[in-house]
Amino acid sequence: MKAAVLHALGETPRCEELPVPVAGPGEVLVRVTAAPINAIDRARAAGTHYSVSAGAGLPMVPGVIGAGCLPDGRRVLFGSRSGTMADVASTPPDMCFPIPDSVDDAVAAAAWNPAVSAWMTLTWRAGLQPGETVLILGATGVTGRLAVQAARHLGAGRVVAAGRNPHSLAAVAELGADATLHVDAADPDLAAAFVHAAGGVGYDVVLDYLWGHPTEVLLSTLVQHDMLPHGRRIRLVQCGDMAGSHIALPAEVLRSSGLEILGSGSASIPPVERVTAALREILDLLARGTLRIEVERVPLERVAEVWGRDQQGRRPVLIP
Ligand SMILES: NC(=O)c1ccc[n+]([C@@H]2O[C@H](COP(=O)([O-])OP(=O)(O)OC[C@H]3O[C@@H](n4cnc5c(N)ncnc54)[C@H](OP(=O)(O)O)[C@@H]3O)[C@@H](O)[C@H]2O)c1
């Protein structure tokens, strides 16, 4: 079969011939129809994701999720340890979820990770309440764009989108953000922009796909000097680290602001029935055009060409 293959962490995967994987105990083989190149796949292949240890499982077929056909013909989204960027992948049946007729395989596969994670981060992790003010820090990526739409759909009162690419930010405004701001402004200007964009009420929820310096500037704006009880709970959820893997966190920020810092990742995945319910709703919203994601269908043979490319808000999906 054809597969994208990685022989060393940090390399670019290339399309090669490999034997068809052997299904493990209780697993089934899926004929893959669509495998998105998500940020997690690139980070795992680079060896920088916390789920990968040096030298583990090489050669590796990247891809943790995909769409495909089960032996009985059912179209499913599925998770795989054998790697989804191949003609065939193995999966446990409880990691398979039906795709409705009205949703295309590539769209469903592209949306699954970014949309479900954004949705669950807002609802399960941050506990978003109707009317609250949400900041999406790093809103120009595929996940940030879905987070903006999800926040809007879930009843946020005000949605602020922050990113560095003016062209992409304009597109994010069209997806429902009430305000946008540029994170590569000088620190005092960025700090003022964070405060201004909150619309006078402050942020209740921050989904942070950037971390690093933009987050440090945001945190500096949260310090309250008045010693008055504000009773505000600012739930900042650490989701990604596109702008840096570390921040400096002054003690006064936590003591004076009501800030609560959480993370979204493997350790905070909600119970499976919550995730399945969110996935069903997301697929329905995609079918109705309420949620939008841009995809670029790319033949599997061209994996090396598109692997490291700036995706500019449009997810490449490999088609075997
Ligand atoms: N924890 C979770 O549940 C979860 C789920 C999904 C994604 N994530 C993480 O979230 C992050 C984004 O994922 P994605 O799917 O949106 O990726 P993506 O589609 O590749 O987008 C990445 C975005 O980051 C922006 N960016 C890169 N460096 C930046 C910087 N220094 N300052 C500001 N913006 C910068 C890029 O903007 P430009 O257009 O300016 O290049 C691009 O829009 C990744 O770290 C990913 O691993 C986490």
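Counting convention: from 1, in listed order, for ligands and their atoms alike. Computed from a predicted model, the values in this text were never measured in an experiment. Note that the numbering runs from 1 along the sequence shown for the chain.
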Original post:
Hey, does the side chain of Asp87 reach the backbone of Lys2 with a donor-acceptor pair shorter than 3.5 angstrom?
Top reply: yes
Original post:
Is it the side chain, the backbone, both or neither of Asn38 that has a heavy atom closer than 4.0 Å to ligand 1?
Top reply: neither
Original post:
Any salt bridge between Asp284 and Arg288, counting N to O under 4.0 Å?
Top reply: yes
Original post:
Closest non-hydrogen protein atom to atom 22 (C) of ligand 1, residue and atom name please, with distance?
Top reply: Met242 CE, 3.8 Å
Original post:
Applying a 4.0 Å heavy-atom criterion (strictly less than), which segment of Arg145 is in contact with ligand 1: side chain, backbone, both, or neither?
Top reply: neither
Subject >> Proximal ligand 1 atoms for Asp241, defined as those under 4.0 Å from one of its heavy atoms >> reply: 45 (O)
Original post:
What are the atoms of ligand 1, with element, lying closer than 4.0 Å to any heavy atom of Ala243?
Top reply: 30 (C), 31 (N)
Table please: side-chain donor-acceptor pairs of residues 128-135 below 3.5 Å, with sequence neighbours left out.
| residue | atom | partner | partner atom | Å |
| --- | --- | --- | --- | --- |
| Gln129 | NE2 | Gly127 | O | 3.0 |
| Glu132 | OE1 | Gln129 | N | 2.9 |
| Glu132 | OE1 | Arg235 | NH2 | 2.7 |
| Glu132 | OE2 | Arg235 | NH1 | 3.3 |
| Glu132 | OE2 | Arg235 | NH2 | 3.4 |

Original post:
When you look for heavy atoms under 4.0 Å from ligand 1, do you find them on the side chain of Thr121, its backbone, both, or neither?
Top reply: neither
**OP:** Note the single closest protein heavy atom to atom 23 (C) of ligand 1, along with its residue, its atom name and the distance in Å.
**Re:** Gly141 CA, 3.7 Å
Original post:
Which atoms of ligand 1 sit under 4.0 Å from any heavy atom of Ser117?
Top reply: 3 (O), 5 (C), 6 (C)
Subject >> Ring geometry between His153 and Trp119 (parallel below 30°, tilted from 30 to 60°, perpendicular above 60°) >> reply: tilted
**OP:** Can you pull out the closest protein heavy atom to atom 8 (N) of ligand 1? Residue, atom name and distance to 0.1 Å, please.
**Re:** Cys239 O, 3.8 Å
Original post:
Counting heavy atoms only, which of Asp41, Thr140, Val183 comes nearest to atom 42 (C) of ligand 1?
Top reply: Thr140
Subject >> Protein contact to atom 32 (N) of ligand 1 [nearest heavy atom, distance to 0.1 Å] >> reply: Arg164 CD, 3.7 Å
Original post:
If hydrogens are left out, which of Gly138, Ala110, Ser264, Gly263 has an atom nearest to atom 3 (O) of ligand 1, that is, the closest non-hydrogen atom?
Top reply: Ser264
Subject >> N/O separation below 3.5 Å, Pro114 to ligand 1 >> reply: no
Original post:
Under a 4.5 Å cut-off applied to non-hydrogen side-chain atoms, are Val30 and Leu70 in contact?
Top reply: yes
Original post:
atom 39 (O) of ligand 1: which protein heavy atom is closest, and how many Å away?
Top reply: Asn165 ND2, 3.5 Å
Original post:
Quick check: are there more than 12 heavy atoms from other residues, nucleotides or ligands sitting under 6.0 Å from CZ of Arg255?
Top reply: no
**OP:** Could you go through the side-chain hydrogen bond (donor to acceptor under 3.5 Å, both in side chains) check for Asn165 and Thr140 one step at a time?
**Re:** CA-CA 7 Å; Asn165 179 324; Thr140 55; over 6 Å; no
Subject >> Closest protein heavy atom to atom 46 (C) of ligand 1, given as residue, atom name and distance to 0.1 Å >> reply: Ala39 CB, 3.4 Å
Original post:
Between His213 and Asp187, is any side-chain donor less than 3.5 angstrom from a side-chain acceptor?
Top reply: yes
**OP:** Please examine the side chains of Met60 and Leu9, heavy atoms only from C-beta on, and report whether any two atoms are closer than 4.5 Å.
**Re:** yes
Subject >> Protein contact of atom 33 (C) of ligand 1 - nearest heavy atom, named by residue and atom, plus distance >> reply: Leu210 CD2, 3.5 Å
**OP:** Report yes or no: does His49 have a heavy atom closer than 4.0 Å to ligand 1?
**Re:** no
Subject >> Flag, side chain of Ser82 to backbone of Ser90, donor-acceptor distance under 3.5 Å >> reply: yes
Original post:
Does the side chain of Ile293 reach to within under 4.5 Å of the side chain of Arg145, using non-hydrogen atoms?
Top reply: no
**OP:** Could you tell me which atoms of ligand 1, counted from 1 in the order shown, lie closer than 4.0 angstrom to a heavy atom of Arg42?
**Re:** 20 (O)
Original post:
So, do Val107 and Arg297 sit near enough that their side-chain heavy atoms are less than 4.5 Å apart?
Top reply: yes
Subject >> Nearest-neighbour protein heavy atom for atom 16 (O) of ligand 1, which is reported as residue plus atom name and distance >> reply: Thr143 N, 3.0 Å
